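Start at 1 and go down the list; that is how both ligands and their atoms are numbered. For clarity, every value in this text was computed on a predicted model and none was experimentally measured. Only this structure's heavy atoms are used, side chains among them; waters, hydrogens and symmetry mates stay out.
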Amino acid sequence: MNAIVLKRGKDKAAKHRHPWIFSGAIHELIGCPANGETIEVLDSNKEFLGLAAYSPYSQIRARFWTFKKEHIDKDFFTNRINYAIQKRNEFRNSSTDTAWRLVHGESDLMPGLIVDQYDDVLALQFLSSGVELHREIIIKSLQEITGIINIFERSDVDVRKLEGLDERKGLISGIVPEEMTIVEGNLKFIVNIPIGHKTGFYLDQRDNRKLISKFYKGRDILNVFAYTGGFSVYAAFHQANAITSLDSSADALEIAKRNMNLNGFNPSSYEWMIEDAFKSLRKMRDINRKFDVVILDPPKFASTQSQVERASRGYKDINLLGFKLLNPGGILITFSCSGGISDSLFQKIVSDAALDSGVSASIMQKLTQGPDHPIGLNFPEGSYLKGLVCKRD
Ligand code: SAH
């Protein structure tokens with residue numbers, strides 16, 4: 001079998017079962033494996049460490065499948081997928097929620113594979129050359145395990161370039177409507193799998209949507225980066241006094257309005273702003289507008305380490321403005337989904353923003369991604385969504 005031998009002293013991460021092997025850790029490549037092919041990983045003494053998918057174009061040159069000798073075949077994926085579904089089952093509220101992530105890549109020991117269930121539809125992403133090579137058997141396993149045949153692929157993501165793969169999007173099997181409705185708790189949401197963000201909806205925010213709904217009653221809410229109105233619809237349901245939803249995408253806000261309607265709320269009772277958040281928050285500050293609750297859930301500002309500095313300035317800017325728009329006693333709920341921004345850096349940015357805005361505030365609660373987006377203990381990179389609930393004095 002083809003193999004890679006790691007450099008002396010560079011096998012620590014692998015021995016701690018981190019799933020990634022960077023090109024700089026490799027001493028020698030034995031053989032000529034194709035993109036995605038399974039290889040053996042050996043330590044500097046040529047002792048077996050595990051089996052990995054080889055990825056010749058990426059800085060992440062290989063991703064571990066397993067740390068024992070076994071076949072990477074259909075049974076392997078069937079076992080892994082079954083386990084992934086089973087391990088999160090007790091965290092799932094299946095009586096009220098019809099959408100749920102079934103497989104979350106590295107943290108479910110299937111590097112690069114994302115499987116989201118939206119009712120009777122699966123939305124898939126193949127983000128590494130390893131899962132790409134095994135695409136057919138993974139799809140078969142998923143169909144057999146879940147009994148779901150309506151499958152759509154959303155591998156139209158930049159990161160595939162790093163793996164030497166083209167983007168791909170389209171129907172895999174069955175029937176997938178352009179638009180469908182999912183249920184989350186007491187509420188319904190329109191999800192557009194073929195063109196929505198990620199695979200259609202921000203499933204990772206589900207528990208946060210529920211958790212922060214206790215702050216809405218009788219309050220004035222500003223939901224910045226509202227997308228299809230997840231937080232706004234919860235705010236309406238929990239009897240907020242007024243809700244302003246802001247997003248630069250007119251299409252997203254159009255669906256947000258329809259989501260209000262779908263849940264029995266009249267969208268014209270609320271304020272909708274199709275604007276750039278950076279400009280709009282400034283304008284609202286200048287006219288001294290105030291809110292009781294401000295939610296900031298921006299897109300990923302930093303995809304890579306090199307973007308961290310610019311991203312930090314972006315986060316600082318919106319958080320500073322967010323604090324300025326808060327009434328005394330108000331609550332800022334602020335998120336970052338940038339993997340490159342650590343928990344502690346995000347906390348520092350928000351703390352600097354509060355200082356510069358001239359308000360004092362405390363972190364009352366920390367938020368993270370839901371349990372269907374688990375974080376492998378050996379894969380800290382899996383922890384990407386950070387949220388702070390800050391109360392202004
Ligand atoms: N809070 C949402 C998800 C937000 S996704 C939820 O829970 O479903 C990020 C959103 O930010 C997208 O809808 C995108 O259109 C919007 N966005 C990106 N850049 C923006 C900008 N500069 N100003 C306003 N909105 C922006």
Side-chain angles (χ1 to χ4, degrees), residues 97 99 101 116 118 123 154 157 181-185 187-193 195-213 215-216 221-238 243-260 262-263 271-285 293-303 307 310-311 313-322 325 332-339 341 367-370 372-373 384-389:
D97 299 341
R101 178 160 291 191
D116 288 336
Y118 294 100
R154 283 298 309 269
V157 200
T181 301
I182 58 151
V183 180
E184 194 181 273
L187 300 167
K188 292 186 210 135
F189 291 96
I190 295 163
V191 174
N192 190 318
I193 294 175
I195 62 160
H197 288 187
K198 297 201 185 203
T199 64
F201 200 57
Y202 285 87
L203 295 176
D204 52 358
Q205 288 282 26
R206 177 195 323 97
D207 286 28
N208 298 329
R209 280 191 282 273
K210 293 181 182 177
L211 210 134
I212 66 179
S213 57
F215 302 127
Y216 296 143
I221 315 296
L222 173 63
N223 180 14
V224 189
F225 307 99
Y227 188 50
T228 54
F231 291 113
S232 302
V233 173
Y234 272 79
F237 183 76
H238 289 274
I243 305 165
T244 303
S245 306
L246 191 161
D247 201 286
S248 54
S249 161
D251 291 347
L253 285 188
E254 209 39 54
I255 296 178
K257 289 182 191 171
R258 289 175 55 210
N259 277 330
M260 284 289 194
L262 188 65
N263 289 283
E271 185 180 17
W272 305 93
M273 299 173 84
I274 307 166
E275 285 185 37
D276 172 71
F278 293 87
K279 288 187 189 143
S280 184
L281 291 174
R282 262 192 188 84
K283 270 195 277 175
M284 287 195 266
R285 175 202 60 191
V293 176
V294 174
I295 301 165
L296 301 173
D297 184 23
K300 202 191 284 178
F301 287 164
S303 310
Q307 297 164 343
R310 234 189 87 225
R313 283 199 296 275
Y315 286 118
K316 166 98 180 278
D317 203 16
I318 53 167
N319 280 284
L320 196 157
L321 293 163
L325 297 180
L332 177 76
I333 299 154
T334 178
F335 293 99
S336 161
C337 61
S338 301
I341 305 279
L367 306 173
T368 182
Q369 61 224 53
D372 52 342
H373 294 61
Y384 66 96
L385 183 63
K386 302 154 279 287
L388 298 174
V389 180

What residue and heavy atom of the protein are closest to [atom], and at what distance?
atom	answer
atom 17 (N) of ligand 1	Ser248 OG, 3.5 Å
atom 18 (C) of ligand 1	Pro299 CG, 3.5 Å
atom 22 (N) of ligand 1	Asp276 OD1, 2.7 Å
atom 3 (C) of ligand 1	Asp297 OD2, 3.3 Å
atom 11 (O) of ligand 1	Phe225 CD2, 3.4 Å
atom 10 (C) of ligand 1	Asp247 OD2, 3.4 Å
atom 23 (N) of ligand 1	Ala277 N, 2.8 Å

Just wondering, do [Y] and [X] contact through their side chains at under 4.5 Å, heavy atoms?
X	Y	value
Arg101	Gln369	no
Ile221	Phe231	no
Leu385	His373	no

[X]: numbered ligand 1 atoms lying under 4.0 Å from its heavy atoms:
X	value
Phe231	1 (N), 7 (O)
Glu275	23 (N), 24 (C)
Ser249	15 (O)

So is there a nitrogen or oxygen of Asn223 less than 3.5 Å from a nitrogen or oxygen in ligand 1?
no
Using a cut-off of 6.0 Å, state whether more than 12 heavy atoms not belonging to Lys188 lie near its atom NZ.
no
Measure Arg209 to ligand 1 on non-hydrogen atoms and call it side chain, backbone, both or neither using the 4.0 Å cut-off.
side chain
Does either side chain, that of Asp204 or that of Tyr384, offer a donor lying less than 3.5 Å from an acceptor on the other one?
yes
Scan side-chain atoms only and decide if Thr334 and Tyr315 contain a donor-acceptor pair under the 3.5 Å cut-off.
no
Salt bridge flag under 4.0 Å for residues Asp276 and Lys283:
no
Could Asp116 and Arg154 be called an ion pair, given the rule that one side-chain N must be under 4.0 Å from one carboxylate O?
no
Under 6.0 Å between the ring centres of Phe189 and Phe201?
yes
contact_flag Thr228 ligand 1 heavy-atom lt 4.0 Å
no
